[in-house]
A.B. asks: 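The structure under discussion is supplied below as structure tokens; questions concerning it will follow.
For the single chain, residues carry numbers from 1 onward in sequence order.
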Amino acid sequence: MSRDHVQSAERAGAEGAGAAVVGAPAADSALTGAEAPFLELLSRGASADAYEQPVLLARAEGRPAEVIAALEHAKLLALRVRAELEGRRRREAELSALFETAHDLAGLRDLDSVLQAIVQRARSLLGTDVAYLSLNDPDRGDTYMRVTEGSVAARFQQLRLGMGEGLGGLVAQTARPYVTDDYFKDARFQHTNTIDTGVRDEGLVAILGVPLMLGHHVIGVLFAADRRARVFEREQIALLGSFAALAAAAIDSANMLGETRSALAGLERANEIIRDRSAVIERASDVHDRLAELVLRGGGVHDVAAAVSQVLDGTVEFTEAVDAPPAPLETSRAEGHAVRHQDDWIAAVTAGGELLGALVLRGHPGLDPVDQLTLERAAMVTSLLLLARRSAAEAEQRVRGELLDDLLDARDRDPRLLRERAARLHADLDATHVVLAARLDATAPDADQEAEARRRLWSAASHLAATRHGLAAARDGGTVLVLPLVDGDTATDLARRTARQLGTAVHEAVTVGASGPVQDLAAHADTVAAAYSEGRRCLDALRLLGRSGDGAAAEDFGFLGLLLAGDRDIAGFVDRTIGEVVAYDERRGTDLTRTLDAYFTCGMSPARTKDALHVHVNTVAQRLERVGRLLGGDWQSPARALEIQLALRLHRLSAQY
């Protein structure tokens, strides 16, 4: 209903009231004259007391009884009209306040402001000292003060009411209006010390509370209260209920608006994510196209790294497995995903069980999952390129192996032809080289696995030889490599580095023995073969000394190394030093050589020697006495003891090959 409708209704009511006066029983014609003073009072909105004046004046003047009766009847009609007009004006004010509140609700921007306006208008229209609004708290199971108007007590403004406590708690629990003329004398609701103290601080006596309803659920209570006893009329209760309905609608609208804003914010975030995902997918598509183009036009590993660097806006490098951090590299190989290492990302480049290297994204700690997948795919493409290159290079490796076999077996000794063959493989036979013998230390459980392990070792050695401009071939259950020696490097350095690189590539310990530096590989028929024999002796010495998985050259073994290197008469030295003891054991089947070895190992202590051999100490004494008769009385002197120990070790080494 609009305000114009209200005013039209009021005019109709006034006309009806006038009609009631005009259409009143015409007791006599004097009635019309009796209405005049009261109509004047109505027109100027006089108070109810003023309507007694015309009657009192007529009596004072001694007017006839019928005139006074007409005046009394006109007064009653005028007071009824006045009451009707007052009621309509009050209802107009109430409806106007409701319309204004509804208008505020329609343009809701701030829930607190709308609720404050509702409370203010309720207090004004009901003419109460205080008005306030509480809301239910589902989490705590109680109701709390949200908005107050006219309140002066801080404790009252901070009240929380449990369900069923106080008048407000009863309204919230029953979803019905409740009114009390005197709060502290009313026993219909549960009094608590906290609530009563707050009401007492505020000085409230008469309280009216109506529920705020959303559907069938109470969400709060709207109150009007006076600091004196008062009876709230039915119309006032209905009016407060109307304001409560508007307050509930405002809260519901605010909640829906909040949900809408939250949904819009969620949609905005979703749109941002979609835009980001679209950009990432575009980058992924871009790198896919670039990698496919690289593969088709025969690009290399470093071309792949450069393309991925542009897409990921970072620096991507391909590194050999030995140059990458071992722990994250192994994790990436095992999991098949790129792994973060400090500020870098590492993606293992693998083929089957073999580790070929790694793609490393430098200085890029925050990596998007799709970008991470891009790096992983680039690593896969890199492995495919390496495998393609390897399959193409296997023919070259066979050629390298054949050339090395010819050098080892002294076939095709025309130096010019050998140099030409080497040049086609980018190898320089006139440079200084080192010949290395490499062998796996672990023993495979069956022949097939043993063959597979040797194949992987040969493959890794061939790859290493190709990248180092050397030669490699499978031989004697292991691999032989001929690698150039660069300035500042030693044979020992090269042996250890090769052992580490091969071990990393095949995931097993690889022991490498190296010859000393050799030159003119093509000129002298026996150069490579002699160097290979020296490398094998060093390899066997390393394994005998418990240094499996290491690399060394003859120069690392001191005096023993001098005997290992070159063409030394080791057998003659052993025979001259302990030949009598060895021959005695061979003739008699005794164990003098082993006893002698244990004796020196135990620090020349017979007591410890008998424990090591698990024999009686007298047996040890008898054997050592026999050794003395065979080697001479000075066999335990420092000089003789050193030679005997060296001969024993060389004798043990000679048994290895």
A.B. asks: Quick check against the 3.5 Å criterion: does Thr350 have a side-chain atom that pairs as donor or acceptor with the backbone of Leu355?
C.D. replies: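 Answer holds: no.
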A.B. asks: Answer yes if the side chains of Glu149 and Gln116 hold a donor-acceptor pair under 3.5 Å, and no otherwise.
C.D. replies: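 The criterion, which ignores hydrogens and geometry beyond distance, is satisfied for Gln116 and Glu149.
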A.B. asks: Roughly how far, to the nearest 0.5 Å, is CD of Glu317 from CD1 of Ile346?
C.D. replies: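 The CD atom of Glu317 is 11.0 Å from CD1 of Ile346, to the nearest 0.5 Å.
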A.B. asks: So do the side chains of Gln158 and Met145 get within less than 4.5 Å of each other, counting heavy atoms only?
C.D. replies: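 No, every pair of side-chain atoms sits at 4.5 Å or beyond.
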A.B. asks: Given 3.5 Å as the limit, does a donor-acceptor pair link the side chain of Arg123 with the main chain of Asp129, or not?
C.D. replies: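 The answer is yes, because a donor-acceptor pair under 3.5 Å joins these two groups.
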A.B. asks: Would the distance check show the side chain of Asn136 and the main-chain N or O of Val218 forming a donor-acceptor pair, the cut-off being under 3.5 Å?
C.D. replies: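 Looks like yes, one N/O pair under 3.5 Å.
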A.B. asks: Is there a donor-acceptor pair under 3.5 Å between the side chain of Arg456 and the backbone N or O of Val506?
C.D. replies: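 Yes: the side chain of Arg456 pairs with the backbone of Val506.
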A.B. asks: Do the rings of Phe184 and His191 sit parallel, tilted or perpendicular, given the 30° and 60° boundaries?
C.D. replies: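 Parallel, since the angle between the ring planes stays under 30°.
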A.B. asks: Quick one: does Asp226's side chain have a donor or acceptor within less than 3.5 Å of a partner on Arg228's backbone?
C.D. replies: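 Not at all, since once roles are kept as given, no pair shorter than 3.5 Å links the two residues.
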A.B. asks: Would a 4.5 Å heavy-atom cut-off, applied to side chains only, mark Arg188 and Thr180 as touching?
C.D. replies: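 Yes, at least one pair of side-chain atoms sits under 4.5 Å.
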A.B. asks: Can a donor-acceptor pair be found, under 3.5 Å and without considering hydrogens, that links the side chain of Arg227 to the backbone of Ala206?
C.D. replies: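 Such a contact is absent between Arg227 side chain and Ala206 backbone.
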A.B. asks: Quick check: closest heavy atoms across Thr382 and Leu359, and the distance to 0.1 Å?
C.D. replies: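 Shortest heavy-atom contact: OG1-CD1, 3.7 Å.
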A.B. asks: Output yes when a side-chain donor or acceptor of Glu330 lies under 3.5 Å from a complementary backbone atom of Ala327, and no otherwise.
C.D. replies: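 Not at all, since once roles are kept as given, no pair shorter than 3.5 Å links the two residues.
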A.B. asks: Report the distance from atom CZ of Arg121 to atom CD1 of Ile118, rounding to the nearest 0.5 Å.
C.D. replies: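 Result: 8.0 Å between the selected atoms.
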A.B. asks: For the backbone of His337 and the side chain of Ser332, can you confirm whether one donor and one acceptor N or O come within less than 3.5 Å of each other?
C.D. replies: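 Pair found, side chain donor or acceptor close to backbone of His337.
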A.B. asks: Look at the side chain of Arg63 and the backbone N and O of Ala65, then say whether any donor-acceptor pair between them is shorter than 3.5 Å.
C.D. replies: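 Here the side-chain-to-backbone pair does not exist.
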A.B. asks: Are the charged groups of Arg160 and Asp137 less than 4.0 angstrom apart, N to O?
C.D. replies: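 Asp137 and Arg160: salt-bridged.
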A.B. asks: Between Val171, Ile237, Leu240, Leu222, which is the residue that forms a side-chain contact (heavy atoms from CB on, under 4.5 Å) with Pro177?
C.D. replies: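 Testing Pro177 for a side-chain contact (heavy atoms from CB on, under 4.5 Å) against Val171, Ile237, Leu240, Leu222 leaves exactly one candidate, Ile237.
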A.B. asks: Could you give the distance from OG (Ser134) to CG (Leu212), rounded to the nearest 0.5 Å?
C.D. replies: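 Rounded to the nearest 0.5 Å, the OG-CG separation comes out at 7.5 Å.
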A.B. asks: Quick check: do Gln501 and Glu320 have side-chain heavy atoms less than 4.5 Å from each other?
C.D. replies: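 The answer is no, as the side chains (C-beta and beyond) never meet within the 4.5 Å cut-off.
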A.B. asks: Could you measure the distance from the OG atom of Ser151 to the CZ atom of Phe223? Nearest 0.5 Å is fine.
C.D. replies: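 The distance works out to 12.5 Å.
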A.B. asks: Salt-bridged, Glu72 to Arg59, with N to O below 4.0 Å?
C.D. replies: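 Between Arg59 and Glu72 there is a salt bridge, with a charged N closer than 4.0 Å to a carboxylate O.
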A.B. asks: State the CD1-CG distance between Ile207 and Asp182, to the nearest 0.5 angstrom.
C.D. replies: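 The distance works out to 9.5 Å.
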A.B. asks: If you count every heavy atom of other residues, nucleotides or ligands that lies below 6.0 Å from Met380 atom CE, does the total exceed 12?
C.D. replies: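 No, not enclosed.
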A.B. asks: With a 6.0 Å cut-off on the ring centroids, do Phe189 and Tyr183 count as close?
C.D. replies: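 Judged by ring-centre distance (under 6.0 Å), Phe189 and Tyr183 do meet the cut-off.
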A.B. asks: Crowded around Arg146 CZ? As in, over 12 foreign heavy atoms under 6.0 Å?
C.D. replies: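 Enclosed: over 12 neighbouring heavy atoms sit under 6.0 Å from CZ of Arg146.
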A.B. asks: Is it true that, when you exclude Arg362 itself, more than 12 heavy atoms of the residues, nucleotides or ligands shown sit nearer than 6.0 Å to its CZ?
C.D. replies: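 Counting neighbours around CZ of Arg362, more than 12 heavy atoms of other residues, nucleotides or ligands fall under 6.0 Å, so yes.
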